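The structure appears right after this line, and notes come after that.
Every number for a ligand or one of its atoms is a count from 1 in the order of the listing. For clarity, every value in this text was computed on a predicted model and none was experimentally measured. No hydrogens, no waters, no symmetry mates; every other heavy atom, side chains included, goes into these values.
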Amino acid sequence: MAHKSYSFTHAICRKPSRSIVDGLRAVDTGTPDLDVFAQHHADYVRALRSTGAEVTVLDALEAFPDSVFVEDAALCLQEGAVIMRPGAPSRLGEAAEMAPHLEALYGEVLRIEGDGFIEGGDILTTEREILIGLSARTDQAGVDEFAKLVDRWGYAVRIVDTPEGVLHFKTDCSLLDEETVLATKRLDASGCFDGYKVLHTAEGEEACANTIRFNNLVIMPAGFPRTRDQLVAAGYEVREVGNSEAAKLDGGMSCLSLRFSPNA
Ligand code: GLY
């Protein structure tokens, strides 16, 4: 049976721009190496394609340093897509750049048009609901507008908190299957996953909480062996992809793609 929260026919990625060196970051841990970033990005796209999905790779956008992180510009559901309103001023324009690509694939593309802000990185879609973490990038007004828009498609939205100092809600969690999430202990402690099975990232490996379940694969950043071994032991087919350069910009596996099955 196909699961709407992790069975996907399509993905959209965008090549990293040279301007990525000016991308936003909470702490400066060094300048991303463009060649290594490009190599990791190609490996990531290859992993998505290996599941049989059709993956579109858009050209780099030099005007938007963070535009490789396409997830923040839109939220894709089966019934339609919603163009976000990113809370980082330097990223606002990324949403309009993404709209035509989704309009080409979806019958219905809606937009956040009010004063609120919301980024895709704060949204975890599970089989039964949509969880949205309030954060420095996503505010109540943005969530309220989003919830009204997706109500027409029958989605329940639940607001949760993003841990202090964490960029996005999904920086600290991922969906693994219809009943299981991977999360840091600090996020799980908030109780936001009550009713789900939760696997915790290994101690000291919190930076790998942002993975993606994409069809048969759990795609996770390389370099977190204890969490990888837990996932393999739990029966998941794990693919590791280098993420050292995106991590310098607080980016992870979910940030690098929009994943969807339009009008399935
Ligand atoms: N560098 C990714 C972001 O801050 O949105």
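Near L249, meaning under 4.0 Å from any of its heavy atoms, are these atoms of ligand 1: 1 (N), 2 (C). Listed by number with element, the atoms of ligand 1 under 4.0 Å from a non-hydrogen atom of F69 are 1 (N), 2 (C).
For the atom pair L256 CG and L48 CG, the distance stands at 9.0 Å (nearest 0.5 Å). For the atom pair E179 CD and S5 OG, the distance stands at 11.0 Å (nearest 0.5 Å).
Aromatic ring pairs are classed by plane angle as parallel below 30°, tilted from 30° to 60° and perpendicular above 60°; the pair H3 and Y6 is parallel.
Residue-ligand proximity: D66 is placed with a non-hydrogen atom under 4.0 Å from ligand 1.
Distance from atom 5 (O) of ligand 1 to its nearest protein heavy atom, with residue and atom name: R91 NH1, 2.7 Å. Annotation: atom 4 (O) of ligand 1 to nearest protein heavy atom, R137 NH2, 2.8 Å.
In this structure, the side chains of F37 and V68 come closer than 4.5 Å at one or more pairs of heavy atoms. No side-chain heavy atom of C76 sits less than 4.5 Å from a side-chain heavy atom of F8.
Taking distance alone, with nitrogen or oxygen atoms compared against 3.5 Å, L24 approaches ligand 1 more closely than that limit.
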